[in-house]
Amino acid sequence: MGFAGSACYRAAELPWLDGACGYEDWYFVEDYTALGVLNEAAVGRGHRTAHDDLARRFGAGTGGLYGLIEGHPPAGPGSVDQVSVAVWVGRPPGVKRPALGELLGDGMGVGGDRVPGSLWRRQLVLGPAPEFCLLASELPPGAAPARLPAGWTATVLEREALWTG
């Protein structure tokens, strides 16, 4: 079906909530087709009432669809809950994007002192959200906010996995 896993994280602050505490829900899917199947299952027959009830109780929030541009998704038994660091990176409008795989991904990968991780880029967004997200079990050396070009922002968040599946 294309569904590879999901997780819910609690973070002490989120950049799109003006630094307020919040939650991140991640759903790892193989492609847009799998996303459509997941959406239909959430609001389809037998689920619509529960979905609508939860939606009414939901507070402020945003949503986004991010595509993998470097690394491997943290999907699979025991891997999703180990992704405790998220680095949310934004750039000013109109500024060209350098090769972020080399910039943010330095020190990320496998082997030696490298930190396993994945770099994601925003594809679709519902509300304010940074353009890039680097997920890892610890902060890779190349993801230091001081390495970003002038005007770019980076927010390093420690997250707590509340649920994985």
Side-chain angles (χ1 to χ4, degrees), residues 1-91 93 97 100-101 104-105 108-110 115-140 143 153-165:
M1 199 189 307
F3 179 71
S6 62
C8 178
Y9 300 94
R10 177 177 30 225
E13 62 177 296
L14 292 171
W16 53 89
L17 294 179
D18 295 325
C21 176
Y23 299 88
E24 296 177 7
D25 290 335
W26 284 78
Y27 301 92
F28 299 98
V29 295
E30 292 178 4
D31 53 28
Y32 287 102
T33 301
L35 182 64
V37 170
L38 181 63
N39 182 63
E40 286 300 317
V43 297
R45 184 178 182 154
H47 299 206
R48 184 65 181 214
T49 302
H51 175 275
D52 290 351
D53 183 46
L54 286 171
R56 276 191 295 280
R57 290 192 261 161
F58 185 70
T62 65
L65 178 62
Y66 285 75
L68 182 67
I69 59 175
E70 178 132 349
H72 301 285
S79 63
V80 175
D81 58 339
Q82 294 178 14
V83 182
S84 59
V85 174
V87 182
W88 291 97
V89 179
R91 65 180 166 133
R97 173 173 58 104
L100 282 176
L104 294 174
M108 185 178 76
V110 288
V115 174
S118 54
L119 181 60
W120 301 81
R121 181 170 188 222
R122 184 182 64 215
Q123 306 294 305
L124 300 170
V125 68
L126 304 167
E131 185 172 0
F132 300 96
C133 184
L134 175 65
L135 299 176
S137 58
E138 62 184 78
L139 185 63
T153 60
T155 304
V156 178
L157 302 179
E158 291 286 333
R159 310 174 313 157
E160 174 190 6
L162 300 176
W163 182 87
T164 63

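In what follows, every heavy atom counts, from backbone to side chain, and hydrogens, waters and symmetry copies are set aside. Computed from a predicted model, the values in this text were never measured in an experiment. Along the sequence shown, residues are numbered consecutively beginning with 1.
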Query raised in the report: Are any side-chain N or O atoms of Glu13 and backbone N or O atoms of Ala11, one a donor and one an acceptor, separated by less than 3.5 Å?
Result: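 Judged by distance alone, no pair lies under 3.5 Å.
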Report task. Using modelled atom types only, decide if a donor and an acceptor are shared between the side chain of Ser84 and the backbone of Arg159 within a distance under 3.5 Å. Result ->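 It does not hold such a pair.
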Which heavy atom in [X] sits nearest to a heavy atom in [Y], and how many Å separate them?
X	Y	result
Arg91	Phe132	NE-CE1, 4.5 Å
Val29	Ala34	CB-CB, 3.8 Å
Gln123	Tyr32	CB-OH, 3.6 Å
Gly22	Leu17	CA-CD1, 4.2 Å

Query - Set of residues satisfying side-chain contact (heavy atoms from CB on, under 4.5 Å) with respect to Arg10, sequence neighbours excluded - result: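 Arg10: side-chain contact (heavy atoms from CB on, under 4.5 Å) contacts with Cys21, Tyr23, Glu160, Leu162.
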Query raised in the report: In chain order, what residues pass the side-chain contact (heavy atoms from CB on, under 4.5 Å) check against Asp18, with sequence neighbours excluded?
Result: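 Expected list: none.
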Query raised in the report: Parallel under 30°, tilted from 30 to 60°, perpendicular over 60°: which one fits the rings of Trp120 and Phe28?
Result: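 The arrangement is tilted - the two ring planes meet at 30° to 60°.
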What donor-acceptor contacts under 3.5 angstrom involve side-chain atoms of residues 43-50, with partners at least two apart or in another chain?
residue: His47; atom: ND1; partner: Ala41; partner atom: O; Å: 2.9
residue: Arg48; atom: NE; partner: Asp52; partner atom: OD1; Å: 3.4
residue: Arg48; atom: NE; partner: Asp52; partner atom: OD2; Å: 3.2

Would you give the length of the straight line joining atom [atom1] of [X] to atom [atom2] of [Y], rounded to the nearest 0.5 angstrom?
X	Y	atom1	atom2	value
Leu68	Leu119	CG	CG	8.0 Å
Leu157	Trp88	CG	CH2	8.5 Å
Tyr27	Leu65	OH	CG	13.5 Å

Query raised in the report: Below 4.5 Å, heavy atoms only, C-beta onward: do Pro130 and Val89 meet side chain to side chain?
Result: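 No, every pair of side-chain atoms sits at 4.5 Å or beyond.
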Query raised in the report: For the side chain to side chain contact (heavy atoms under 4.5 Å, CB included) test, which of Ile69, Leu134, Leu135 pairs with Ser118?
Result: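 Filter result, single survivor: Leu135.
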